[in-house]
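Just so we're on the same page: letters track the sequence lines, and every chain starts at 1.
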Amino acid sequence: MRTTQEDHDATNAYQSLADTVGHDDPRWAFGTGVEDVQAEITSPVPDGVDAADLARYCLMLGDDALICAQRLAEWVSNAPELEEEVALANTALDLLGQARVLLARAGHVEGSGTGTARDEDALAYLRAEPEFRNVALAELPDSLDFGRAIARLLVFSTWRLALLHRLLASRDPVLAAVAGKGVKELAYHRDYAARWTLRLGDGTPESHRRMQAAVDAVWPYVEELFRTSDVERRLVGAGVAVDPADVRAEVDGVLDEVLSRATLTRPTVPPAGTVGGRGGRQGAHTEHLGHVLAELQSLARQHPGASW
Amino acid sequence: MTATLDEQELQGRFEDVIAADQRIEPRDWMPEAYRRTLVRQIAQHAHSEIIGMQPEGNWILRAPSLRRKAILLAKVQDEAGHGMYLYAAAETLGVDRAELTDKLVTGKQKYSSIFNYPALSYADVGVIGWLVDGAAICNQVPLCRCSYGPYARAMIRICKEESFHQRQGYELLLAMVNGTDAQREMVQESTNRFWWPSLMMFGPPDADSPNTSQSMAWGIKRHTNDELRQRFVDMTVPQAEALGITLPDPGLAWNEERGHYDFSEPDWTELQAVISGSGPCNAQRIAHRKRAHDEGEWVREAAAAYARKQESRR
C-alpha cells in the first residue's frame with residue numbers, strides 16, 4: 001500500500017484498514033458479550049454430571065435465547081419509534097450473546113468424550129427442527145404486532161430471569177457465568193417489557209384491547225415453561241440445573257402484578273396441547289419453527305464448509 | 001430602522017464567529033437561510049441513517065454465522081442511534097422529529113441516494129461497510145468541524161462508530177476473499193454493483209452543485225464534491241488491490257503528474273434518476289418506513305395517553 005502523508009490524516013477513512021486485526025480481537029464481536037466467558041467454555045464437566053445431559057440442557061437454554069433473538073431481530077426497521085428500534089435490537093443482541101456461549105458449551109461438552117465437538121455455528125445452522133430444544137414461546141410469530149412482541153418478552157424475560165437467578169449457583173461454571181451476565185440483561189428486558197405493558201394496557205382503549213389480545217395469544221404457551229423434563233430433573237440432583245417448576249410462583253407473582261397494574265386480565269385459556277406428552281424440550285415444536293430455521297439457516301447451508 | 005441596524009450587527013457577529021472558525025450554538029442568532037440549510041442537511045443525514053437500516057437489515061435474519069449476525073445487528077442498531085442523535089441535533093434548530101419523519105415519508109425531504117440500491121448478497125453487507133460507510137466517512141469527517149456546534153459534536157461520535165463499521169465490513173470481505181470461489185465471486189459481483197453508486201454519494205460534479213459555495217462560506221461544508229470523490233478513489237484503489245478484486249472502471253489509472261488516480265465519469269443521468277425517485281428501491285424504502293411509522297401510531301398514542309394519565313394522577 002502506498003504510504004503518504006495522508007496515513008496520519010484524521011479525515012482518512014481508511015487508516016489502518018489494511019492491518020485489520022484478527023478474529024480474536026474482542027472488539028470485532030463488539031456487543032455480543034461472547035468474549036466475556038469464552039475462556040470458560042472448555043471447562044471440564046463437573047464431577048458426577050452426565051455430559052450428554054449437560055449438553056442437552058445448554059441447548060435448551062441456548063435455543064430459547066437464539067430463537068427468541070431471531071424473532072426480536074425481525075423488528076429491525078419496523079419498530080414504532082427509534083428508541084424501540086434500539087431497545088429491541090439490544091435485547092436481541094443480549095440473547096444472541098447468551099445463545100452463543102450456551103451453544104458453544106453444548107458443543108464442547110457433547111464432543112468431550114468423542115473428540116468431535118460441534119461449534120456454535122454447526123449447532124445453530126446445521127440442526128433440523130426436531131433437534132432444537134427451545135420452548136414454543138420463543139418461536140411464536142408476533143407478526144410485527146408490538147403488543148405481541150411485548151407480551152412474549154414480558155413472559156419470556158420474567159421466566160428466564162427467575163431461572164438465571166437460580167443458575168448463579170450452578171456447579172457448571174459456564175452456566176453460572178452466563179447467569180452472572182444474563183441476570184443484569186434480563187432484568188433490563190423484563191423492566192422494558194413491563195413498562196410497555198403498563199403503557200399499552202393503561203393507554204388508550206385501542207391499546208388496551210390490543211394488549212389484552214396479545215396476552216391472550218401467548219398465554220397458552222406459558223404452561224410449558226414450568227414443565228420439568230427428564231434431563232432437567234437429573235441435573236437438578238447434580239446441582240447444575242434449575243427445576244422450572246420451582247420458579248412458577250415467582251413468575252406468576254410478577255406477571256400478576258404487572259397485568260393488574262396495566263389494568264389487564266390474567267387469561268384463563270387452557271394451555272396448548274402436547275404431542276403425545278412431548279413439547280419443545282423434547283424436540284416437538286409448533287409449525288412456526290421450521291420457517292424460522294429456513295430463514296436463519298438458508299445462507300449458511302447454501303455454502304457448506306465456507307467460513308465467514 | 002433600528003431593527004435593520006440590529007440585524008446588520010447580528011449578521012456581523014455571526015460572520016465573525018464563522019471567520020474565526022468558532023461554533024454557532026442553538027441560542028445564537030443565525031441567518032434564516034443558514035438555519036434552513038442546516039435543517040435540510042441534518043434531517044437528510046438522519047433520514048439516511050434510518051433508511052440505511054433497511055438494506056443491511058435485509059440480511060440480519062440470514063447472517064451466515066452467529067458472530068456475523070451479532071456484528072450486523074449491532075451495526076444496524078448503531079444506525080438507529082445515529083438517527084436519534086441527528087434528529088436531536090436538528091431539534092435544536094426548532095423543528096421536531098415527528099415533523100421531519102412526516103417530511104421523509106411524504107417525500108418532501110430526501111436521504112442518501114445509495115440506499116435506493118438493493119442489498120442482494122451477504123457480500124453487500126461487507127461492501128456497504130467498506131465503500132458506502134467509507135464514502136460516508138469521507139463526507140462526514142469534515143463535518144466534525146462544521147460551524148454549527150450540535151451537528152459538529154454529533155458527528156464526532158458518529159464518525160468514530162462509522163469507522164468501526166467500515167473496518168468490520170472490510171474484515172468480512174477479507175474473510176470472504178480468502179474463502180471459497182463462490183465467496184470471492186460474491187465480493188467481486190457486489191463491488192461491481194456498488195462502485196459507481198458509491199462515487200455518486202459525493203453528489204453531482206462541482207459545476208452542477210449550486211449550493212456548495214454558500215455552504216462552504218458558512219463553514220457547513222469544508223470540501224467540494226469533486227475533492228472528496230477524488231480522495232475516496234485514491235484511498236480505495238489500494239484497498240481493492242489488497243482484497244484482490246477489480247474495480248469496474250477501465251479508465252482507472254495512477255496519474256503521476258497529478259499525484260492522484262484518474263477515473264471515468266460516473267453516469268450522472270443515473271444519479272439524477274435515483275435522486276428524483278426512480279432508483280431500484282425508492283418506492284420500497286419509503287413504503288417500508290411509512291408502514292412501520294403508521295403501524296406504530298397506536299403505540300405512540302398509548303404512550304402519550306399513559307404519560308398524561310400519570311401526570312394527572314400526581
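Between Leu299(A) and Trp59(B), the closest heavy-atom pair is CD2-CZ3, 4.1 Å. Shortest non-hydrogen contact noted between Gly203(A) and Lys309(B) is O-NZ, 3.0 Å. In terms of heavy-atom proximity, Ala300(A) sits nearest to Pro64(B) at CB-O, 3.7 Å. Contact detail for Leu61(B) and Glu74(A): the closest heavy-atom pair is CD1-CG, 3.8 Å. A pairwise comparison of heavy atoms in Ala70(B) and Leu93(A) identifies O-CD2, 3.4 Å as the closest pair.
For a residue to count as touching a neighbouring chain, one of its non-hydrogen atoms must lie under 4.5 Å from one of that chain's; by this rule Ala73(A) touches chain B with backbone and side chain alike. Heavy-atom distances place no part of Arg308(B) under 4.5 Å from chain A, backbone and side chain included. The parts of Val299(B) that come within reach of chain A are both its backbone and its side chain, each placing non-hydrogen atoms under 4.5 angstrom from that chain. Residue Leu88(A): no heavy atom, backbone or side chain, is found under 4.5 Å from chain B. Interface residue Gln77(B): backbone and side-chain heavy atoms are both found under 4.5 Å from chain A. Neither the backbone nor the side chain of Gln302(A) comes within less than 4.5 Å of any heavy atom of chain B. With a threshold of 4.5 angstrom between heavy atoms, Ala294(A) does not approach chain B through any atom at all. Only the backbone of Ser307(A) comes within less than 4.5 Å of a heavy atom in chain B; its side chain stays farther off. Interface residue Leu103(A): only side-chain heavy atoms are found under 4.5 Å from chain B. Heavy atoms closer than 4.5 Å to chain A are found in the side chain of Ile50(B), but not in its backbone.
Sequence neighbours left out, the pairs with a member in residues 138-149 of chain A that pass salt bridge (charged side-chain N to carboxylate O under 4.0 Å, His left out) are Asp142(A)-Arg152(A).
When the shell of 6.0 Å around CZ of Arg97(B) is examined, it contains more than 12 heavy atoms from other residues, nucleotides or ligands. By the 6.0 Å contact criterion, CZ on Arg261(A) is open, its count of non-hydrogen atoms from other residues, nucleotides or ligands being 12 or less.
For Phe115(B), there are no ring-ring contact (aromatic ring centres under 6.0 Å, His included) partners, not counting sequence neighbours.
When each of Glu81(A), His303(A), Arg195(A) is checked for heavy-atom pairs under 4.5 Å with chain B, Glu81(A) comes out on top. Per-residue counts of heavy-atom pairs under 4.5 Å with chain B were compared for Gln297(A), Glu206(A), His208(A), Glu83(A); the largest is that of Glu83(A). Ranked by non-hydrogen atom pairs under 4.5 Å with chain A, the options Ile60(B), Thr180(B), Leu73(B) are led by Leu73(B).
Judged by distance alone, the side chains of His288(B) and Ser77(A) do bring a donor and an acceptor atom under 3.5 Å apart.
To the nearest 0.5 Å, atoms CG (Leu96(A)) and CG (Leu66(B)) are separated by 6.0 Å.
A heavy-atom distance below 4.5 Å is found between the side chains of Met84(B) and Val86(A). For the pair His293(B) and Asn78(A), the minimum side-chain heavy-atom distance is 4.5 Å or more. For the pair Leu82(A) and Tyr87(B), the minimum side-chain heavy-atom distance is below 4.5 Å.
A donor-acceptor pair is defined here as one N or O able to donate and one able to accept, closer than 3.5 Å; such a pair exists between the side chain of Tyr125(A) and the backbone of Ser65(B). Counting only distance, with no hydrogens or angles, the side chain of Arg68(B) and the backbone of Trp308(A) share a donor-acceptor pair below 3.5 Å. No donor-acceptor distance shorter than 3.5 angstrom exists from the side chain of Glu85(A) to the backbone of Ala80(B), with no hydrogens or angles considered.
Relative to the ring axis of Trp298(B), Arg210(A) places its NZ or CZ within 45° and under 6.0 Å from the centre.
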* Determine, stepwise, if the pair Lys69(B) / Glu295(A) fulfils salt bridge (Lys or Arg N to Asp or Glu O under 4.0 Å). => CA-CA 13 Å; Lys69(B) 189 189 290 287; Glu295(A) 190 162 40; over 6 Å; no
* **Derivation and outcome, salt bridge (Lys or Arg N to Asp or Glu O under 4.0 Å), residues Glu84(A) and Arg300(B)** => CA-CA 11 Å; Glu84(A) 277 45 71; Arg300(B) 295 188 299 274; over 6 Å; no
* Please test Arg313(B) against Asp202(A) for salt bridge (Lys or Arg N to Asp or Glu O under 4.0 Å), starting from the C-alpha separation and ending with a verdict. => CA-CA 13 Å; Arg313(B) 280 169 195 160; Asp202(A) 193 17; 3.1 Å; yes
